[in-house]
Amino acid sequence: MLRYTVLTLFPRLIQPWTEEALLGKAVQRGLIRLDVRDIRDYTRDRHRQVDDYPYGGGAGMVMRPDVVVEAIEDQLPADEIILLTPAGEPLKQPLVEELATREHLVLVSGRYEGIDARVERFVTREVSIGDFVLMGGELAALAIVEATARLVPGVLGDPESHQLDSFSWGLLDYPQYTRPPEFRGLKVPEVLTSGHHGKVAEWRRREALRRTLERRPELLEVVSLTEKDLRLLAELDEEGE
Ligand code: JF5
């Protein structure tokens with residue numbers, strides 16, 4: 001069973017996320033386990049101090065390595081100890097898939113201006129969820145929990161649905177439609193109501209390629225494209241002229 005331990009100074013930020021929706025269901029049903037530990041419980045001083053002034057001066061506070069490393073070591077054994085930081089390896093679906101195969105992930109969320117650099121020696125990797133700065137690592141830790149938990153068999157209703165979504169085939173998703181057939185003058189593409197499954201599949205592939213070409217062309221460099229994809233792309237190219 002995939003098990004997570006989130007280390008944080010704000011355990012109550014994590015808790016509600018694990019009690020609702022699909023993730024809450026997965027926990028209830030025993031498909032995953034999610035534990036939250038308060039880093040402050042690993043202090044040993046009277047003031048329960050987790051941060052201190054940066055050596056060399058400057059603004060803000062830095063989390064003390066002794067407290068954070070005590071918190072990490074209390075969770076062992078673990079397959080991965082992941083520090084969430086904008087300086088980490090960018091999170092992509094292949095890394096999500098790799099992490100989802102582990103048994104125990106420890107996710108370390110920092111607050112303040114950062115964590116003492118010596119903590120790096122006590123983690124297995126540093127991961128970033130994007131090129132922006134949060135106020136703490138909690139949301140990034142939850143992003144890893146959500147992205148990996150949905151790959152655990154049984155967590156999503158339909159076992160097919162995650163195989164079909166955008167990043168598992170390397171392209172952005174095709175556009176989806178539901179009722180009503182016309183909304184404020186906007187019609188559902190006719191092919192989707194035609195009942196012709198082959199045509200629907202081709203239309204979806206073309207629209208996924210179109211969106212990817214328009215919004216994230218760099219993704220097309222790394223995805224493996226079939227002969228048919230190349231033909232569809234050539235058609236889109238002609239449309240564009
Ligand atoms: C954090 C110092 C950690 O801001 C993030 C983050 C952004 N992408 N991935 C993670 O984490 C919180 C902020 C400052 C260390």
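Throughout, numbering of the chain's residues begins at 1 and tracks the sequence. Counting starts at 1 for both ligands and their atoms, following the listed order. This structure is a prediction, so every number in the text was calculated from the model and none was measured.
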Heavy-atom nearest neighbour in the protein, as seen from [atom], with distance rounded to 0.1 Å:
{"atom": "atom 4 (O) of ligand 1", "answer": "Leu134 N, 2.8 Å"}
{"atom": "atom 1 (C) of ligand 1", "answer": "Pro86 CD, 4.0 Å"}
{"atom": "atom 7 (C) of ligand 1", "answer": "Phe132 O, 3.0 Å"}
{"atom": "atom 3 (C) of ligand 1", "answer": "Leu84 O, 3.4 Å"}
{"atom": "atom 8 (N) of ligand 1", "answer": "Gly130 O, 3.2 Å"}

(request) Walk me through it: do Trp17 and Glu146 pass the test side-chain hydrogen bond (donor to acceptor under 3.5 Å, both in side chains)? (result) CA-CA 10 Å; Trp17 202 274; Glu146 286 241 342; 2.7 Å; yes

(message) Run the side chain to side chain contact (heavy atoms under 4.5 Å, CB included) test against Arg231 and tell me which residues pass, sequence neighbours left out.
(response)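 Side chain to side chain contact (heavy atoms under 4.5 Å, CB included) check on Arg231 returns Glu202, Lys228, Glu235.
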
(message) Within 45 degrees of the ring normal and closer than 6.0 Å to the centroid, is that where the cationic atom of Arg111 sits relative to Phe10?
(response)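 Geometry flag: set, cation within 6.0 Å and 45°.
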
Run the numbers for me: atoms of ligand 1, each under 4.0 Å from some heavy atom of [X], listed by number.
{"X": "Val133", "value": "4 (O)"}
{"X": "Ile129", "value": "8 (N), 9 (N)"}
{"X": "Gly137", "value": "11 (O), 12 (C)"}

(message) Taking Val188 as the starting point, is it possible to reach Phe183 by hopping between hydrophobic residues whose side chains are less than 4.5 Å apart?
(response)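 Cluster IDs for Phe183 and Val188 differ.
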
(message) If the threshold is 4.0 Å, N to carboxylate O, is there a salt bridge linking Arg44 and Glu70?
(response)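 Salt bridge: yes.
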
(request) Name all pairs fulfilling the salt bridge (charged side-chain N to carboxylate O under 4.0 Å, His left out) condition that reach into residues 75-85, sequence neighbours left out, sorted by first residue then second. (result)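 Listed by first then second residue: Glu80-Arg102, Glu80-Arg125.
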
